[in-house]
Amino acid sequence: MRIATWNVNSITARLPRLLAWLESSGTDVLCVQETKCAESAFPYEPLRELGYEAAVNATGRWNGVALLSKAGLTDITVGLPGGPDYDGGQEPRAIGATCGPVRLWSVYVPNGREIGHPHYDYKLRWLEALRTTVAQDAAGERPFAVLGDFNVAPTDEDVWDRAAFDGLTHVTDLEREALAALRDSGLSDVMPRPLKYDRPFTYWDYRELGFPKNRGMRIDLVYGNEPFAKSVDDAYVDREERKGKGASDHAPVVVDLEV
DNA sequence: ATGACTCTTCATAAGAGA
């Protein structure tokens, strides 16, 4: 079973590449982030024609997550129960479902913007709510994973140059501690192989030739419980999908499971 | 040597991304 996570940076803008990639990669379940379109405008039909059911949590211009599955899609949970509000409401950043033998969450963790910004505190509270929400499944016997854009680089090795991030979000102790608390609920970091260079970056800024210079970050993560992690055959970052015109700034992370 | 981001929308500038 092939599972993947991909921040597509607009599912509308990415649709041709998304459809082509789903077919060429043979992905059974894709966790999508940053759909950036209203649920009413979600491209259900072309995905259905490829054999995918879709569960969507999206409201419009910002954020938005989805699960696309050829392996079943049941027990859908839209949003984090009891999750924090930002600017007076919950944002569409999480969706969970059971896809055949596995239970999965597709998550888009808040960016945080700047240290001390209200969005940074919101990010920390959001990660705590995620930990609470998944604790029971994380400790369970069924293969379970949280996949998505976590907007945190777990270690200094996960950014191209730690000094370039001094004073910025994504690398701070508090963010990393929040991630560590999530792992402590029974999840481990499924580390993908890089297909080029030494580190499996998943995001490269569009600006200043970030991708050609490999100025990347590993912020798209797969956190699986023990039954999930034990079933992993292979995992890699498909950096080919970051190439060329019309690419997202994130590459898909692909996980092959023996289930 | 050059030029140096992309996406969306109560759009033609601004916010967000990281």
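Both backbone and side-chain heavy atoms feed into the values below; hydrogens, waters and symmetry mates do not. Labels below follow one simple rule: chain letters A, B, ... track the order of the sequence lines, proteins then strands, and each chain is numbered from 1. In this text the structure is predicted, and so the values were computed from the model without any measurement.
The salt bridge (charged side-chain N to carboxylate O under 4.0 Å, His left out) pairs that include a residue from residues 100-114 of chain A are Arg103(A)-Asp137(A), where partners are two or more places apart or lie in different chains. The side-chain hydrogen bond (donor to acceptor under 3.5 Å, both in side chains) contacts involving residues 48-62 of chain A comprise Glu45(A)-Arg48(A), where partners must be two or more places apart or lie in separate chains.
The separation between Asp249(A) atom CG and dA18(B) atom C1' is 9 Å, rounded to whole Å. Put simply, CZ on Arg207(A) is 13 Å from C1' on dC7(B), counting in whole angstrom units. Whole-Å rounding puts the His250(A) NE2 to dG17(B) P distance at 11 Å. We find that CH2 of Trp160(A) is positioned 13 Å from C1' of dA18(B), with the value rounded to whole Å. Across the protein-nucleic acid pair, Tyr108(A) atom OH and dA18(B) atom P stand 4 Å apart, rounded to whole Å. When the P atom of dG17(B) is taken as reference, atom CG of Leu168(A) falls 14 Å away, rounded to whole Å. Between the OH atom of Tyr206(A) and the P atom of dA18(B) there is a distance of 10 Å, given to the nearest Å. The CZ-C1' distance, from Arg242(A) to dT6(B), rounds to 10 Å in whole Å.
Relative orientation of the Tyr86(A) and His119(A) rings is perpendicular, given thresholds of 30° and 60° on the angle between their planes.
The phosphate of dT8(B) has OP1 or OP2 within less than 4.0 Å of a side-chain N or O from Ser10(A). Phosphate contact (OP1/OP2 of dA18(B), side-chain N/O of Asn9(A), threshold under 4.0 Å): absent.
Only the C1' atoms considered, dC10(B) is 15 Å distant from dG15(B), to the nearest whole Å. Rounded to whole Å, the C1' atom of dA16(B) lies 16 Å from the corresponding atom of dA11(B). Rounded to whole Å, the C1' atom of dT8(B) lies 25 Å from the corresponding atom of dG3(B). Comparing dA18(B) with dC5(B), their C1' atoms sit 12 Å apart, to the nearest whole Å.
Projected onto DNA chain B by closest heavy-atom contact, Val109(A) and Leu209(A) fall at different nucleotides, the more 5' of which corresponds to Leu209(A). Looking at which nucleotide of DNA chain B each of Gly60(A) and Arg113(A) is closest to, the 5′-most match is held by Gly60(A).
If you check every strand for non-hydrogen atoms under 4.0 Å, Asp149(A) touches sugar and phosphate atoms only. No engagement by Asn63(A) is indicated, since no non-hydrogen atom pair under 4.0 Å with the nucleic acid exists. Residue contacts for Phe150(A): at a heavy-atom cut-off of 4.0 Å it reaches no nucleic acid atom on any strand shown. Within the 4.0 angstrom heavy-atom criterion, only backbone atoms of the sugar-phosphate kind lie near Tyr203(A); the bases stay farther away.
Picking from dC7(B), dG15(B), dA18(B) the nucleotide with the shortest atom distance to the side chain of Ala13(A) gives dC7(B).
Checking Asn63(A), Asp149(A), Thr5(A), Asn7(A) one by one against Gln33(A), the side-chain hydrogen bond (donor to acceptor under 3.5 Å, both in side chains) holds for a single residue, Thr5(A).
In this structure, the side chain of Lys123(A) engages the main chain of Asn151(A) through a donor-acceptor pair within 3.5 Å. Judged by distance alone, the side chain of Asp234(A) and the main-chain N or O of Asp256(A) form no donor-acceptor pair under 3.5 Å. Looking only at distances, a side-chain donor or acceptor of Ser106(A) sits under 3.5 Å from a matching main-chain atom of Ala66(A).
Arg215(A) has no carboxylate O lying under 4.0 Å from a charged side-chain N of Asp205(A), or vice versa, which leaves the two without a salt bridge. Ion pairing of Glu128(A) with Arg125(A) is absent here, as no side-chain N (NZ or NE/NH1/NH2) approaches a carboxylate O to less than 4.0 Å.
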Reading 5' to 3' and counting Watson-Crick or G-U wobble pairs with both distances under 3.5 Å, write the dot-bracket notation for DNA chain B, | for bases paired outside the strand. ....(((((...))))).
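Contact check of residues 14-23 of chain A against DNA chain B (heavy atom, cut-off under 4.0 Å) returns Arg14(A). For the contact set between residues 31-42 of chain A and DNA chain B, defined by any heavy atom under 4.0 Å, the members are Glu34(A), Lys36(A).
Counting heavy atoms from C-beta on, the side chains of Tyr223(A) and Asp189(A) come closer than 4.5 Å. Side-chain contact between Val254(A) and Ser25(A) is absent, with no heavy-atom pair separated by less than 4.5 Å.
Evaluation of the ring pair (Phe, Tyr, Trp, His ring centres under 6.0 Å) rule for Tyr197(A) yields no partner, not counting sequence neighbours.
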Show your reasoning for whether side-chain contact (heavy atoms from CB on, under 4.5 Å) applies to Leu80(A) and Leu130(A). CA-CA 7 Å; Leu80(A) 289 186; Leu130(A) 177 63; 3.9 Å; yes
